[in-house]
Peer 1: 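What follows is a single structure, and I will ask about it in a moment.
Here, residue 1 is the first one in the sequence, and each next residue gets the next number.
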Amino acid sequence: AQAIELYRQGLAKFPQSPELRLGLARIYQSQQKISEAISLIQPVVENQNQEASLLLRELQAVRVDTNFRYESYDARRNNLFTQLVTGVRVNNSDTVQQLKIGFNSFAQDDFDLVTNIPLQLGVETNIDRLKLSGGIGVDFFNRLPTAVNVNVQVDAAVSPNLILSAVVEQGPYKFNAETLENQITALRLGPNIFWQIDANTSLFSLYRWGDYNDGNNEQQFYVYLERK
């Protein structure tokens, strides 16, 4: 906050300074305030500043992320999860439209292999210190009925180093081939905490309460402390 105020004071005196505009724009970029960052550097881009042009392309770029996870609980159960996430920014705003698609497989003794293609459309936006994201989609299976999946998440930046989140998820319970074959669905909700303690130390924690359509429910608590 202090750095932003110093940049603003500088721009009040030197409103056309490319260095001040680029510096403040990069701070806004780190805070996911993309519309503010773009509006700051647009005049610099028009003056054919190469650094500003590169930053603008970076801010407007299509975002692509991939995820891969393999789970082997014992010799009888093996799950594979892959996911591709693409994000496209809407009209230079803080809103990103997302498409998530993946391929998952669930192998388990005494059950035929289950394969799954999850497809979800979502949106992500920022309002002050809040980051809002959500999506709705469909899970396709090789030998099971299609199912709907929904997720909503709100992230609140309590401080530059501390983020609190609230998460709600609804969809097929992808624990193994048996839970999918029994068409068990789960409603799971709870908070996340991410704390960047210092430059080399971070803490992530979550709590989940789960309610399942077979009459069961559960509570999960997870803490991960990382030191680089």
Peer 1: Please determine if Lys228 and Asp198 form a salt bridge, counting it only when a charged side-chain N lies under 4.0 Å from a carboxylate O.
Peer 2: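 Judged by the 4.0 Å cut-off on N to carboxylate O distance, Lys228 and Asp198 do not form a salt bridge.
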Peer 1: State whether the side chain of Gln83 and the backbone N or O of Lys100 hold a donor-acceptor pair below 3.5 Å, judged by distance alone.
Peer 2: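 Looks like no, no N/O pair under 3.5 Å.
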Peer 1: Are Arg76 and Asp110 ion-paired here, with the side-chain N under 4.0 Å from a carboxylate O?
Peer 2: yes
Peer 1: Decide yes or no on side-chain contact (heavy atoms from CB on, under 4.5 Å) for Ile41 and Leu59, but give the supporting numbers first.
Peer 2: CA-CA 11 Å; Ile41 64 172; Leu59 293 168; 3.9 Å; yes
Peer 1: Starting from Leu56, can I reach Ile34 by hopping between I/L/V/M/F/W/Y residues whose side chains sit under 4.5 Å apart?
Peer 2: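 In one cluster: yes.
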Peer 1: Answer yes if the side chains of Tyr207 and Gln220 hold a donor-acceptor pair under 3.5 Å, and no otherwise.
Peer 2: no
Peer 1: To the nearest 0.5 Å, how far apart are CD in Gln183 and CZ in Phe141?
Peer 2: 9.0 Å
Peer 1: Indicate yes or no for a side-chain donor-acceptor contact from Glu36 to the backbone of Tyr28 under 3.5 Å, with no hydrogens or angles considered.
Peer 2: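 No.
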Peer 1: Quick check for you: to the nearest 0.5 Å, what is the distance between Tyr224 atom OH and Leu203 atom CG?
Peer 2: 11.0 Å
Peer 1: Would you sort out whether Phe221 and Ser205 count as a side-chain contact (heavy atoms from CB on, under 4.5 Å), showing the intermediate values?
Peer 2: CA-CA 8 Å; Phe221 182 70; Ser205 177; 3.6 Å; yes
Peer 1: Would you indicate whether Phe204, at its atom CZ, is surrounded by more than 12 heavy atoms from other residues, nucleotides or ligands within a distance under 6.0 Å?
Peer 2: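 Yes, CZ of Phe204 has more than 12 neighbouring heavy atoms, counting only those of other groups under 6.0 Å.
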Peer 1: Sequence neighbours excluded, which residues qualify as side-chain contact (heavy atoms from CB on, under 4.5 Å) partners of Leu54?
Peer 2: Gln50, Arg57
Peer 1: According to side-chain hydrogen bond (donor to acceptor under 3.5 Å, both in side chains), who are the partners of Tyr70, at least two apart in sequence or on a separate chain?
Peer 2: Asn78
Peer 1: For Tyr212, does its backbone N or O pair with a side-chain atom of Asn216 as donor and acceptor, under 3.5 Å?
Peer 2: no
Peer 1: Between the main-chain N or O of Thr185 and the side-chain N or O of Asp214, is there a donor-acceptor pair closer than 3.5 Å?
Peer 2: no
Peer 1: Quick check: does any side chain N or O of Asn142 sit under 3.5 Å from a backbone N or O of Thr115, one acting as donor and the other as acceptor?
Peer 2: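 Answer holds: yes.
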Peer 1: Is it the case that Asn192 and Arg208 place a side-chain donor and acceptor less than 3.5 Å from each other?
Peer 2: yes
Peer 1: Strictly by modelled atom types, are Asn116 and Lys174 linked by a side-chain donor-acceptor pair under 3.5 Å?
Peer 2: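 Yes - a donor-acceptor pair under 3.5 Å links their side chains.
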Peer 1: Among Phe175, Phe81, Phe111, whose ring-ring contact (aromatic ring centres under 6.0 Å, His included) with Phe106 holds?
Peer 2: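 The ring-ring contact (aromatic ring centres under 6.0 Å, His included) with Phe106 is passed solely by Phe81 among Phe175, Phe81, Phe111.
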Peer 1: Is the backbone N or O of Asn49 less than 3.5 Å from a side-chain atom of Ser53, with the two atoms forming a donor-acceptor pair by type?
Peer 2: yes
Peer 1: Under a 4.0 Å threshold between the charged nitrogen and the carboxylate oxygen, would Glu71 count as salt-bridged to Arg77?
Peer 2: no
Peer 1: Run Ile193 and Leu162 through side-chain contact (heavy atoms from CB on, under 4.5 Å) and show every step you take.
Peer 2: CA-CA 7 Å; Ile193 298 175; Leu162 181 63; 4.0 Å; yes
Peer 1: Please tell me whether Phe103 and Leu121 are part of a single hydrophobic cluster in this structure, the criterion being side-chain heavy atoms less than 4.5 Å apart.
Peer 2: yes
Peer 1: According to a hydrophobic-cluster definition based on side-chain heavy atoms being under 4.5 Å apart (Ile, Leu, Val, Met, Phe, Trp, Tyr only), do Leu11 and Ile27 belong together?
Peer 2: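 Result: yes, single cluster for both.
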Peer 1: Could you give all pairs that pass the side-chain hydrogen bond (donor to acceptor under 3.5 Å, both in side chains) test and reach residues 146-161, with sequence neighbours left out?
Peer 2: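 Only Gln120-Asn149, Gln120-Asn151, Asp139-Asn149, Gln153-Asp155, Asp155-Ser165 qualify under side-chain hydrogen bond (donor to acceptor under 3.5 Å, both in side chains).
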Peer 1: Got a sec: does the CD of Glu58 have more than 12 other heavy atoms crowding it under 6.0 Å?
Peer 2: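 Counting other residues, nucleotides and ligands, CD of Glu58 exceeds 12 neighbours.
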Peer 1: Check the pair Val114 / Leu144 against side-chain contact (heavy atoms from CB on, under 4.5 Å), numbers first and verdict last.
Peer 2: CA-CA 8 Å; Val114 176; Leu144 301 173; 4.0 Å; yes
Peer 1: Working to the nearest 0.5 angstrom, can you tell me the gap between Trp195 CH2 and Leu225 CG?
Peer 2: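 So the CH2 of Trp195 and the CG of Leu225 are separated by 9.5 Å.
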Peer 1: Does Phe140 belong to the same Ile/Leu/Val/Met/Phe/Trp/Tyr cluster as Ile101, with side-chain heavy atoms less than 4.5 Å apart forming each link?
Peer 2: yes
Peer 1: Is there a path of hydrophobic side-chain contacts, each under 4.5 Å between heavy atoms, that joins Leu206 and Leu164?
Peer 2: no
